[in-house]
2 protein chains.
Amino acid sequence: MTIKKPANIRDIAALAGVSAGTVSRVMNDKPGVGSETRAHIARLITEYDFRGDSNARQLSLGRSDSLGVVFPLQVSEVVMHPVYPELLGSISDAALASGYDVSLFTTTAEERVEHIVDAFKRKRVDGLILPAASSDDALIQRVVDEGIPTVLVGHRQESARMTWVDCTHDQAIFDIATAMIGSGRTRLVLLNGPKRVSAYQLRSDGFWRAANDARLVDAQEIELGMSYSSGLQAAGDLFTLPRPPDAIVCSADSTAAGVLEEFKRAGIAIPMTAEVSGFDDTDFASHSTPQLTSVRMPLRETGAAAVSLLLNMIDDRTAHPAPRLLDAEVVWRASTSPVGGV
Amino acid sequence: MTIKKPANIRDIAALAGVSAGTVSRVMNDKPGVGSETRAHIARLITEYDFRGDSNARQLSLGRSDSLGVVFPLQVSEVVMHPVYPELLGSISDAALASGYDVSLFTTTAEERVEHIVDAFKRKRVDGLILPAASSDDALIQRVVDEGIPTVLVGHRQESARMTWVDCTHDQAIFDIATAMIGSGRTRLVLLNGPKRVSAYQLRSDGFWRAANDARLVDAQEIELGMSYSSGLQAAGDLFTLPRPPDAIVCSADSTAAGVLEEFKRAGIAIPMTAEVSGFDDTDFASHSTPQLTSVRMPLRETGAAAVSLLLNMIDDRTAHPAPRLLDAEVVWRASTSPVGGV
DNA sequence: GTGAAAGCGCTAACAC
DNA sequence: GTGTTAGCGCTTTCAC
């Protein structure tokens, strides 16, 4: 004969001969229960595999213990594709470690913005992590208007209930471009994504700061999709010019891979005739010929920091945690000359 | 003077001079409300931007309107990396279209299995979509035991409350290998992922079916991680053999990219000396030199089908929808000889 | 067609 | 220490 499974906290209470309140105290590790009673109740909870109903708990508490994460996951050339899975994984891990679930929203398309705001208003999520936002993102404005606790990742903008986490894209690109110039290059090109995406704007900033510091006259920036094919094509185009570049800084390894391939086809020696760098430090970068200088972003730290800041804002309605700027690391490899010259 | 925002359904009811029940009927498009009353209440709801509290609704209804999706998102060589974002995006889109949210779980590691079961038992999710499962997955057993409505993606296993969606990995690889044999190749190699992952087992099946049908004696399968670097290395190793292969079937474009690169280094002509194929039909495949024959999986359809089957099982506790097998498509390109021989 | 009332299962303030 | 009580905000019978 099988034990009828107790359905709710009152059933457990009845079994233990106590009241529901006492069981609640035990389940939430609250004080005010005698150690024997506590042990007894704990045993019953385990025995009957009782978990409670989170909807009821959340209704009572007025919160959802759930974070919304907004990711434009559609495969798109615009988007910094390789970083998403890892970032998402790290956010999820960090949330879980703090007892939060992650609710996923996959686009910021105009018609979906209201769905995200709605999720907050209906108390489905307590706050938002919003990566890769651009300054003209409609969702940002709404989030500010509604006072939704929000942490931006990769876009630096603050307001009362909004802060950000980012890494030093600009400094990394500055360091790379400066090293290229230091090794004698004068005709630099940046193959960049669209600058309305903050991460790309920052890379542009770093690139131009390096070019201007060195009073370079031949630097240029080209905006394109961050794909293998666009790198391939851009490299082809550039080398039909009368004075082709001698250094190409790419905002993605995928684009750099296209450049490498086209250079191979065209017989252009790397790094002798032209230096090339990538971004994202993918598996490709460490195994291409030549190996590709690239930039490693601190993705797991970024995710963890975003969760930590957000929980901070959720727990304390008046908190306004300072933004976090983490270090991106340049991984120097053979596609650029050694730092500091030939 | 700003209007004090009505906090709950009773406030709206008071404003409309009706009872909460009536407002509830309007919000859920239920019959039994006069059209004038309905219009009036609808107007107030819009005016005050009232949404209701989903925790309360869920408590009352006993469900969460939320689907759990389990994705091992940690960057890993074992995992079919490029398909995840798109699959996840399509699941999310389909769920949203049916009024469901998506709750994300990022690992099936032993210690996390209970967390996922827990989420169901606490009514945080109504069911599970579980992609890329392998047959020895501990979560599958738990899910069956607990009777959690579940749809497997990429692993074919059924039980009372569990069904699956998959595509024809095996047939695609069979077609490719058969075409290679048809164009005169006799020494085929499959570079495959670990066979405990069902998708890789199926590719193995298709490969060996083709090899056996043709009574090939020189076919072999090598298990490795599905990365660029493992393709690079495997290709190098294979061509130190006395009788190197004349056709390499890869279970991922990333691996095929490594093979292509190594062949280029070694001066092996493709497809003349050896044919090569990939899987996933990434951007690389359509732009490499030579362009890469690859397999395009119906990812968006897969996600949509998974959601549809799952909602079916959630709505009807006795439903046991038939599994869905979708077609994977071989995209023939220059890295293999034309279908049917030279 | 609409209102009243009884839950859904939990938490927390207040008694004792 | 522990029980009692009053919600949390919604849905849904059951009257009228």
Side-chain angles (χ1 to χ4, degrees), chain A residues 4-42 44-45 48-66 99 118-126 315, chain B residues 4-42 44-45 48-66 99 118-124 126:
Chain A
K4 176 168 181 315
K5 198 154 179 204
N8 61 34
I9 202 169
R10 266 184 289 266
D11 295 343
I12 295 288
L15 247 21
V18 300
S19 75
T22 302
V23 176
S24 174
R25 284 175 200 123
V26 172
M27 291 202 65
N28 296 293
D29 288 317
K30 294 260 165 76
V33 183
S35 60
E36 285 157 40
T37 327
R38 184 182 296 272
H40 181 213
I41 293 172
L44 286 170
I45 287 173
Y48 290 101
D49 189 31
F50 177 70
R51 326 254 178 156
D53 179 313
S54 45
N55 289 318
R57 176 165 212 274
Q58 288 157 20
L59 173 58
S60 186
L61 258 29
R63 54 188 170 81
S64 71
D65 287 344
S66 180
D118 196 60
F120 175 76
K121 292 195 157 188
R122 304 174 93 108
K123 303 213 186 84
R124 297 204 75 138
V125 298
D126 297 331
D315 291 344
Chain B
K4 179 172 180 312
K5 198 155 178 202
N8 62 32
I9 202 169
R10 267 184 290 268
D11 295 344
I12 294 288
L15 247 20
V18 301
S19 75
T22 301
V23 176
S24 174
R25 284 174 200 123
V26 172
M27 291 201 67
N28 296 293
D29 288 317
K30 292 261 165 75
V33 183
S35 60
E36 285 158 41
T37 327
R38 185 181 295 273
H40 181 212
I41 293 173
L44 287 170
I45 288 173
Y48 290 101
D49 189 30
F50 177 71
R51 326 254 178 156
D53 179 311
S54 44
N55 288 319
R57 176 165 213 274
Q58 288 157 20
L59 173 59
S60 187
L61 258 30
R63 53 189 170 79
S64 72
D65 286 343
S66 179
D118 196 59
F120 175 76
K121 293 195 158 187
R122 303 174 93 108
K123 303 213 186 83
R124 296 205 75 139
D126 297 331

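Side chains are part of it too, since the values below use all heavy atoms of this structure and drop only hydrogens, waters and symmetry mates. Labels below follow one simple rule: chain letters A, B, ... track the order of the sequence lines, proteins then strands, and each chain is numbered from 1.
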Rounding to a whole Å, what distance do you find between [X]:[atom1] and [N]:[atom2]?
{"X": "B:Lys123", "N": "C:dC10", "atom1": "NZ", "atom2": "P", "result": "8 Å"}
{"X": "B:Arg57", "N": "D:dT11", "atom1": "CZ", "atom2": "P", "result": "5 Å"}
{"X": "B:Phe50", "N": "D:dC10", "atom1": "CZ", "atom2": "P", "result": "4 Å"}
{"X": "A:Arg122", "N": "D:dG9", "atom1": "CZ", "atom2": "C1'", "result": "12 Å"}
{"X": "A:Arg63", "N": "C:dC10", "atom1": "CZ", "atom2": "C1'", "result": "13 Å"}
{"X": "B:Asn55", "N": "C:dT11", "atom1": "CG", "atom2": "P", "result": "13 Å"}
{"X": "A:Arg38", "N": "D:dG3", "atom1": "CZ", "atom2": "P", "result": "13 Å"}
{"X": "A:Arg10", "N": "D:dG3", "atom1": "CZ", "atom2": "C1'", "result": "13 Å"}

Tell me whether A:Lys123 is salt-bridged to B:Asp53, with the criterion being a basic N under 4.0 Å from an acidic carboxylate O.
yes
Short N-O contact, A:Asp118 and B:Arg51, less than 4.0 angstrom
yes
Interatomic distance, B:Arg57 atom CZ to B:Asn28 atom CG [nearest 0.5 angstrom]:
4.5 Å
[X] has a side chain; which of [options] sits nearest to it?
{"X": "A:Asn8", "options": "C:dT11, D:dG3, C:dG9", "value": "C:dG9"}
{"X": "B:Ser60", "options": "C:dT2, D:dG3, D:dG9", "value": "D:dG9"}
{"X": "B:Ser19", "options": "C:dC10, D:dT11, C:dA4", "value": "C:dA4"}

Heavy-atom side-chain proximity of A:Asp11 to A:Tyr48 below 4.5 angstrom
no
A:Gln58 versus A:Ser64, closest heavy-atom pair with distance:
NE2-O, 3.3 Å
Closest non-hydrogen atom pair, B:Ala16 against B:Ile41:
CB-CG1, 4.0 Å
Hey, does B:Leu61 reach any base, or is it just sugar-phosphate, or nothing, if we go heavy atoms under 4.0 Å?
sugar-phosphate
Under the criterion side-chain contact (heavy atoms from CB on, under 4.5 Å), I'd like the reasoning laid out for B:Arg25 against B:Thr22: C-alpha separation, chi angles, the key distance, then a yes or no.
CA-CA 5 Å; B:Arg25 284 174 200 123; B:Thr22 301; 3.6 Å; yes
Does D:dG3 have its OP1 or OP2 closer than 4.0 Å to a side-chain nitrogen or oxygen of A:Thr22?
yes
Residues in contact with DNA chain D, drawn from residues 25-37 of chain A - heavy-atom cutoff 4.0 Å
A:Arg25, A:Gly32, A:Val33, A:Gly34, A:Thr37
